[in-house]
Structures are given as structure tokens and as C-alpha cells.
Number of protein chains: 2
Amino acid sequence: MSSMKETSAERIPAAERREQILAAASQVFGERGYVGATTDLVAKQAGISQPYVVRMFGSKENLFLEVLSRALDTLTRAFRAAIAASHAAGEDTEARGSRIGLAYADLISDRGILLSLMQGFLLGHDPVIGERAREGFLEIYDIMRNEAGLEADHVVTFLSHGMLFNTLVALRMPEAYGVDAMATELVDCTFRTKLDTVLHIFENENAKGSAARG
Amino acid sequence: MSSMKETSAERIPAAERREQILAAASQVFGERGYVGATTDLVAKQAGISQPYVVRMFGSKENLFLEVLSRALDTLTRAFRAAIAASHAAGEDTEARGSRIGLAYADLISDRGILLSLMQGFLLGHDPVIGERAREGFLEIYDIMRNEAGLEADHVVTFLSHGMLFNTLVALRMPEAYGVDAMATELVDCTFRTKLDTVLHIFENENAKGSAARG
DNA sequence: CATTGTTGTAATCAAATGATTACAAGCGAT
DNA sequence: ATCGCTTGTAATCATTTGATTACAACAATG
């Protein structure tokens, strides 16, 4: 459906190949982190050779920065759309916050986006990636504060839930849903309306893993 | 004062050396993550040779697992102490939640603890570390739910704030305090009563870095 | 003082990995 | 067709790094 290994070695325009690599990198970086991901894994996921990945982006660091920027861009775009819709509907800040929350949760459909962001946030010590990650986080805060017009406390609460959301996804806690009672309750209570989507994603992921092994 | 490079090559009992290594590893793993940290960096931080680190724990993975377990243990101990104190004082669940929150925030005095935990949470894909991290997270949830007696929603809100707390520390956002207006407000609003502690820690860290360079 | 176990390191290994080089193969324009 | 640009890989490099080995220094014990 979405992005299997597909396309094995045919000639494809660089711009299109670039998108494939970015999609693959988003998944791999999101799953293994910046250091844990290898350019070879990204290449295999994109169905091309490792040197091509490096040449296309110059370095692994540049590739990650590009993934980070894309993720940030997708997120800010989604937030601004939600804010515009909220303004058009004449909602109060409470409703606006909820609407943005929905937009955020929708991004889970591509795990790579939220997880690559989260992985970036844990790289604060890195001189270049860390700086970019801080900048991105502050941009999100700024949008909610000054474009959505939410109170500081409201934004902090929102971001808090977002971080738990990301953490549970990174932890693969949904895999324990229905297995462990505490996990089930925690996941239930965290993902709420997006529970079905989340469980569906992890089901697919597990099935894929089993198929690969079997 | 706390843990500089100290003790250069003297003979020290294995048990004590073990603690030094664990303290060093907690810092290094918290800062660079499991993959990004090297046994050599841990060794240098502990003031010993790299092979000794590996031999003492068998493998880097075992070392991380031990750091993770220690961090979890410190945290659960602090929580249980707070819960006991709250019960002794006959507080309601609201006050109990606040008290546990204080206990959590106090752990920031050793950045390694919270950051190593957080780094562990992002390793959900790892068969062994991921499993241990899930188990640890659920143990925390279980304590708050069944020992502190908090409602599920209350616990989720609590954990949410904790994850934002950790994320901002990992991002080194406090370094932008007083520099960037948005960052200042965000940090202010997230760390609240622990603001002084947090800023103090980052000041020391920066000073140490400058001293090392200069 | 020899013996034995503990504490520690220098040297080195093998594997992983990001990056580079050289080269091949397709495709469009003249 | 062939020249030149784009798309792609195989082979290889240099570094990093977790782990291993061999050995040294010291301390306790008899």
C-alpha cells in the first residue's frame, strides 16, 4: 500500500528518487534514531544502493536535517490549516486547542514524522542538529501561542500530551494493548479517538515483521 | 564538586569502581543516547580505561540495562517515599499527585537519571532494551495508579508533563532562557518551582564546557 | 618471600559504517 | 551515432568502536 521496498533499480528522475529516500529515511530515523540509523538501512528501505543515498544528500547529517525540516513543515502546515479552520468557524481558544490536537494526532498515520521529530528533540547536545531541533520546537510553540492565540499554560498542556503521545509510540506501547492490563488502560487513555488508527498501524507493522520472518 | 574526572588510576575496590562507571554512564547515555554513547567516552568520564568498562559489565548493552534499572529504581523509590508521606499526611489524590510531581522534578538534580530513562523510552524497537523500557514505564504507571490511587486521566496528565519536562531538558531548552522570548516563557511555564534548579544545572554545564575549551 | 587473586592498562582485532572513487548504463539533443 | 548529462552501482577506504587478549602492578595470605 504505502511504501514497501518497491521499484528495484529502474531509472527514476532525481527529484522523485529524492522523495523516496526522504520517506525511507523518515521511517528509519524515526525508528532507530539519528545515530542508530545507517545510510545502508535507508538505502535498502528505498530500494537503492547506499552510495546513492549519501551522494544525493552529501552526508547523513544533511539527510537527517532535511527529514527534520520536512517533518516540521508538515506539522506547521497542519497546525496552520487547523487554526485557519478554527478562525473561520469562529471558535473559542478551547475548541481551537482541541482542533489542533486532532490535527496533531492525525500525523500519526505516518509514524516517521512524529518519531523523527522526537528523535531530533533528544539530540540537544549536537551542535547543529540540536540547534535546529530547538528552533523547530520553538516554532511550534510560537504558532500555538501567537497564531492560535492560546494561553501559555494551555500550550504547555498541549505539548505535554504530545510528548507522551510520541513517547508511547516510540516505546511501541500499543503492541502491549490487550496483552497487559496497565498498558491497555494507558494506551486507551492517551490515544482516545485515535486509538483505532494507532492500533491499526502497529498491527500492520507486526504483520509485516512476521511475514518477513516467516 | 559532584563528579569530575577525579581519581586517576589508583587501585579502588571493584564495587566502588562499578558505581563510578555507572554514574559516568548515566551522564553519557543520557546525553548521547544508547547508540551515540561510546564505552570509551564512559571510560574517560569515569577516569579509567575503555576495556575495564567493558569487562566490568560484559557488554555495552548490559551497562545500559544496568543504568536503566538504577534510574528506574531511584525513581520508584522516590515515588513510593512521596506516596507514603502523602498517606501519612492524610492528603487527597490531588495533593498526592502534586507531591509526586515534586519528587519527580527533584530528580532533575541528576540529569542522567531522567535522560537515560528518556533515551531508553526511544528504544522501543530494540528487542531487549525496548522490552525493559516498556516494563519500566508500565511499572511507573502501575505505582501511580494502584499505589498512589490516582485516576487514569490524572496519571496520564502527570506522565505527559513528565515527558515534556524530559524533552525540554534533552533539547537543552533552558540554555535559551533569557535569550529567546518564547523559550523563556516555555521554560518558565514548564519547570515552575524547579526553574532555579534547572537553570543552575545548565549554567554549571555551560561553564564547564567553556572552561574545558578555554 | 612465594603464591594467588584483584585491579588495571596497552595493544590489537574484527565488524560496522559513512564516505569516496571509478565506472556502467540509459536517455536526449545535435 | 555519438556526445554529454543524468542515474545508478560495485568496490573500496579510512575511521570508529565494542570486544578480546596478554600482561603489569599491587595486595593479601600462608
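Predicted model only: the values in this text are computed from it and were never measured. Letters go in sequence order (proteins before strands), and every chain restarts at 1.
The distance from atom CD of B:Glu10 to atom P of C:dT7 is 14 Å, rounded to the nearest whole Å. What separates CD1 of A:Ile12 from C1' of C:dC27 is a distance of 15 Å, to the nearest Å. Distance, B:Arg32 CZ to D:dG18 P: 11 Å, rounded to whole Å.
Within residues 56-67 of chain B, the residues approaching DNA chain D are B:Ser59, B:Lys60, by heavy-atom distance under 4.0 Å.
Proximity of B:Tyr52 to the phosphate of C:dT9: no side-chain N or O atom is located under 4.0 Å from OP1 or OP2. Not one side-chain nitrogen or oxygen of B:Thr38 sits closer than 4.0 Å to the OP1 or OP2 atom of D:dT17.
For A:Glu135, the salt bridge (Lys or Arg N to Asp or Glu O under 4.0 Å) partners two or more places apart in sequence, or in a different chain, are A:Arg132. Annotation: side chain to side chain donor-acceptor pair (under 3.5 Å) contacts of B:Arg134 (sequence neighbours excluded): B:Glu131.
In this model, no side-chain donor or acceptor of B:Arg17 finds a partner on the base of C:dG8 within 3.5 Å. Below the 3.5 angstrom threshold, one finds no donor paired with an acceptor across the side chain of B:Arg55 and the base of D:dT20.
Backbone-only contact: B:Ala37 has heavy atoms under 4.0 Å from sugar-phosphate atoms and none from a base.
Listed by first and then second residue, the salt bridge (Lys or Arg N to Asp or Glu O under 4.0 Å) pairs involving residues 157-186 of chain A are A:Glu31-A:Arg172, A:Arg172-A:Glu175, A:Glu185-B:Arg145 (not counting sequence neighbours). Residue pairs that meet the side chain to side chain donor-acceptor pair (under 3.5 Å) test with at least one member in residues 116-125 of chain B, sequence neighbours left out, do not exist here.
Counting heavy atoms from C-beta on, the side chains of B:Leu186 and A:Leu159 come closer than 4.5 Å.
Residue B:Val54 places its side chain closer to D:dA19 than to any other of C:dA19, D:dA19, D:dC26.
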Which pairs of donor and acceptor atoms, one on a side chain in residues 49-57 of chain A, lie under 3.5 Å apart (sequence neighbours left out)?
from, atom 1, to, atom 2, distance (Å)
A:Gln50, NE2, A:Thr39, OG1, 3.2

